[in-house]
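Every chain is numbered from 1 and lettered A, B, ... according to where its sequence line falls, protein lines coming before strand lines. Side chains included, hydrogens not; waters and symmetry mates left out as well; all remaining heavy atoms used.
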Number of protein chains: 2
Amino acid sequence: MARLPVYLQILADQAAAGVANISSEGLAELAGVNAAKVRKDLSYLGSYGTRGVGYEVDYLVYQIRRELGLDHDWPVVIVGAGNLGQALAGYGGFTDRGFPVAGIVDIDHDKVDTLVGGARVRPLDELPQIVAAKNVSIGVIATPPAAAQDAADRLVKAGVTSILNFAPVVLSVPVGITIRKVDLAVELQILSYHEQRRASAQGGQLHAVPNEPGRGVTA
Amino acid sequence: MARLPVYLQILADQAAAGVANISSEGLAELAGVNAAKVRKDLSYLGSYGTRGVGYEVDYLVYQIRRELGLDHDWPVVIVGAGNLGQALAGYGGFTDRGFPVAGIVDIDHDKVDTLVGGARVRPLDELPQIVAAKNVSIGVIATPPAAAQDAADRLVKAGVTSILNFAPVVLSVPVGITIRKVDLAVELQILSYHEQRRASAQGGQLHAVPNEPGRGVTA
DNA sequence: CGAACAATGTGCACAGATTCACAAGCTGAC
DNA sequence: GTCAGCTTGTGAATCTGTGCACATTGTTCG
């Protein structure tokens with residue numbers, strides 16, 4: 001389930017805040033989802049909570065980490081040292097959460113040997129060596145669209161089995177390779193879709209409904 | 001539907017390549033989804049294709065753009081000029097696709113007035129003026145987790161109605177505000193989950209199944 | 001003009017996810 | 001020890017989304 005990381009995030013926060021136990025309802029509230037859903041998700045994990053009390057935060061964190069494979073680090077290699085690649089390499093959030101940057105490569109020789117976020121950019125050709133040396137199984141594609149498929153091919157050939165793709169293209173990879181795509185422009189387009197609907201709804205009805213003052217949690 | 005932007009992307013590529021008509025099957029192939037799904041999605045749009053021929057690419061692009069509200073630009077304001085904020089501001093993909101950066105603000109006065117991607121960082125206090133002056137309705141949060149809720153509150157107060165949140169926290173906003181969250185670490189955790197399953201599956205069964213050589217499109 | 005062909009649009013059935021509601025079980029107080 | 005109060009875990013109903021199959025309709029060729 002794609003919600004486990006969200007729970008994990010919240011639980012880690014709670015643990016840091018000194019909370020020892022949490023109920024499914026409390027966790028649901030914080031995650032902005034239904035309480036029954038939380039229980040189903042956690043029961044699927046096999047993790048046992050205690051009836052009448054709730055879940056022990058530390059134990060739950062341990063269980064989710066284990067399930068997600070976060071009991072050890074997963075080095076990642078970044079292909080493309082442009083704006084986005086540099087930001088990702090420099091973004092502390094990766095290393096902090098168990099995904100150290102094993103290396104960053106670029107095809108442009110002008111970028112090679114420049115320093116970004118503590119790592120030195122290596123030439124694209126060295127990708128296989130980096131993957132082999134650091135035992136990398138996750139690759140990140142931060143190249144322009146036109147170069148993304150080639151980057152994917154090279155990553156797969158080098159032995160990477162999971163790819164996070166930031167380029168706005170649909171990649172074709174052998175079966176057995178896991179791909180996730182994050183397209184920033186698509187996210188904005190979805191927002192603009194909502195804005196559009198908002199605008200036409202207001203234009204359509206004469207008596208526009210003002211935003212209610214209530215607060216809701218939106219994940 | 002969240003698939004429209006993907007179709008749009010592909011259709012724009014096809015249009016640029018000189019393709020005039022496309023069938024639901026062709027589009028489905030390129031998007032890595034089912035053909036019936038494509039037809040359902042497009043029929044929901046009200047867009048009419050021609051039976052026996054397919055869809056006219058240009059017209060479809062126009063229709064989807066219209067539906068998504070992409071017939072005009074949507075200026076965005078970025079809160080947080082750290083690693084990620086700077087990359088986003090400098091990332092050409094935003095402006096190119098109709099989301100020009102109206103401004104970027106940061107609470108840190110040392111960052112104010114520095115140049116990132118052609119824009120000058122403004123102090124956080126000027127957020128309301130920027131939003132009002134450029135008629136911004138979309139905000140992007142690229143702050144550290146602890147500052148994200150404050151950023152959201154300020155954006156809403158300034159009049160922004162849609163927020164793209166890169167901080168790994170669940171934000172609480174008034175109903176009527178649209179939020180989308182992109183958590184890079186969560187994406188990696190989902191990949192590590194698959195890696196974990198892969199590893200335990202291989203360890204579990206003595207005769208590991210090698211990756212099939214076939215190719216599949218994975219979105 | 002008519003018939004064969006091609007591709008859309010949609011009714012229907014199915015699968016998966018979500019939510020409700022409740023029985024089962026733990027805790028703590030008297 | 002028993003009882004009241006919570007909270008989990010899960011069966012059942014529901015809803016959403018997906019995919020198949022086919023009738024419908026436009027095109028093209030003879």
Side-chain angles (χ1 to χ4, degrees), chain A residues 1-8 10-11 14 19-64 67 170 181 186 190 193-194 197 216-219, chain B residues 1-8 10-11 14-15 19-64 67 170 180-181 186 190 193-194 197 216-219:
Chain A
M1 304 286 185
R3 278 184 304 268
L4 285 180
V6 178
Y7 298 154
L8 178 57
I10 293 167
L11 289 168
Q14 293 296 306
V19 177
N21 284 41
I22 192 167
S23 71
S24 64
E25 195 154 358
L27 181 50
E29 171 100 11
L30 291 172
V33 299
N34 184 288
K37 200 188 297 190
V38 170
R39 289 200 294 274
K40 271 247 162 76
D41 288 346
L42 297 184
S43 78
Y44 164 79
L45 258 188
S47 282
Y48 291 163
T50 349
R51 300 179 185 219
V53 174
Y55 299 88
E56 189 192 343
V57 174
D58 286 341
Y59 183 62
L60 208 47
V61 166
Y62 171 77
Q63 283 291 340
I64 297 181
E67 176 73 10
V170 179
K181 183 179 162 190
V186 163
I190 293 174
Y193 168 72
H194 285 111
R197 288 183 64 84
V217 170
T218 320
Chain B
M1 303 286 185
R3 277 185 302 269
L4 285 180
V6 178
Y7 299 154
L8 178 58
I10 293 167
L11 289 168
Q14 294 296 306
V19 178
N21 284 38
I22 193 167
S23 71
S24 63
E25 195 154 358
L27 182 50
E29 171 101 9
L30 291 171
V33 300
N34 185 285
K37 201 187 299 187
V38 170
R39 289 201 294 274
K40 273 242 167 79
D41 289 345
L42 296 184
S43 79
Y44 163 78
L45 258 188
S47 283
Y48 292 161
T50 347
R51 303 181 183 218
V53 174
Y55 300 88
E56 190 193 343
V57 175
D58 287 341
Y59 183 61
L60 208 47
V61 166
Y62 170 78
Q63 282 292 339
I64 297 181
E67 176 74 12
V170 179
R180 287 192 68 85
K181 182 179 162 190
V186 163
I190 293 174
Y193 167 73
H194 285 112
R197 289 183 65 86
V217 170
T218 321

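- Of the two residues contacting DNA chain C, namely Ala36(A) and Gly54(B), the nearest-nucleotide position lying further toward the 5' end is that of Gly54(B).
- Inter-residue side-chain proximity for Tyr59(A) and Gln63(A) is flagged as met; some heavy-atom pair is nearer than 4.5 Å.
- One interatomic measurement links the two molecules: OH of Tyr44(B) to C1' of dT18(D), which rounds to 17 Å at whole-angstrom precision.
- Across every non-hydrogen atom of Val38(A) and Val33(A), the tightest pair is CG2-CG2, 3.7 Å.
- Rounded to an integer number of Å, the gap from Leu27(A) CG to dT8(D) C1' is 13 Å.
- Residues Ile190(A) and Ala2(B) share a closest heavy-atom pair of CD1-CB, 4.1 Å.
- An OP1 or OP2 oxygen of dG9(D) is reached within less than 4.0 angstrom by a side-chain nitrogen or oxygen of Tyr55(A).
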Give the table of side-chain donor-acceptor pairs shorter than 3.5 Å for residues 20-27 of chain A, with sequence neighbours excluded, one pair per line with atom names and distance.
{"residue": "Ser23(A)", "atom": "OG", "partner": "Glu25(A)", "partner atom": "N", "Å": "3.4"}
{"residue": "Ser23(A)", "atom": "OG", "partner": "Gly26(A)", "partner atom": "N", "Å": "3.0"}
{"residue": "Ser24(A)", "atom": "OG", "partner": "Arg39(A)", "partner atom": "NH1", "Å": "3.0"}

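- At whole-Å resolution of the value, NZ in Lys37(B) and C1' in dG17(D) are 8 Å apart.
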Identify the pairs formed between an N or O of the protein and an N or O of nucleotides 22-26 of chain D at a distance under 3.5 Å, and give each distance.
{"residue": "dT24(D)", "atom": "O2", "partner": "Arg51(B)", "partner atom": "NH1", "Å": "2.6"}

Check nucleotides 11-16 of chain D for protein N or O atoms closer than 3.5 Å to its own N or O atoms and list the pairs.
{"residue": "dG11(D)", "atom": "O6", "partner": "Lys40(A)", "partner atom": "NZ", "Å": "3.2"}
{"residue": "dA12(D)", "atom": "N6", "partner": "Lys40(A)", "partner atom": "NZ", "Å": "3.4"}

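- Remark: Tyr55(A) OH to Thr50(A) OG1 distance equals 9.0 Å, nearest 0.5 Å.
- Side-chain contact between Leu60(A) and Tyr7(A) is absent, with no heavy-atom pair separated by less than 4.5 Å.
- The heavy-atom pair separating Ile64(A) from Leu4(A) by the smallest distance is CG2-O, 3.9 Å.
- Between Val6(A) and Ala31(A), the shortest heavy-atom contact is CG1-CB, 4.5 Å.
- Residue Tyr193(A) comes nearest to Tyr44(B) through the heavy atom pair OH-OH, 4.0 Å, listed as atom of the first residue, atom of the second, then distance.
- The CG atom of Leu42(A) lies 11.0 Å from the CD atom of Glu67(A); values are rounded to the nearest 0.5 Å.
- Using a 4.5 Å cut-off on side-chain heavy atoms (C-beta onward), Gln14(B) and Leu30(B) make contact.
- In this structure, Asn34(B) places its CG atom 11 Å from P of dA21(D), rounding to the nearest Å.
- Sorted by first and then second residue, the salt bridge (charged side-chain N to carboxylate O under 4.0 Å, His left out) pairs involving residues 47-58 of chain A (not counting sequence neighbours) form an empty list.
- Annotation: side chain of Leu45(B) is not in contact with side chain of Asp41(B) (no heavy-atom distance under 4.5 Å).
- The span of DNA chain C lying next to chain A, judged by atoms under 4.0 Å from heavy atoms, is bounded 5' to 3' by dT18(C) to dT27(C).
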So what is the 5' to 3' dot-bracket string for DNA chain C, if pairs are Watson-Crick or G-U wobble with both distances under 3.5 Å, crossing pairs use [ ] and | means the partner sits on another strand? ||||||||||||||||||||||||||||||
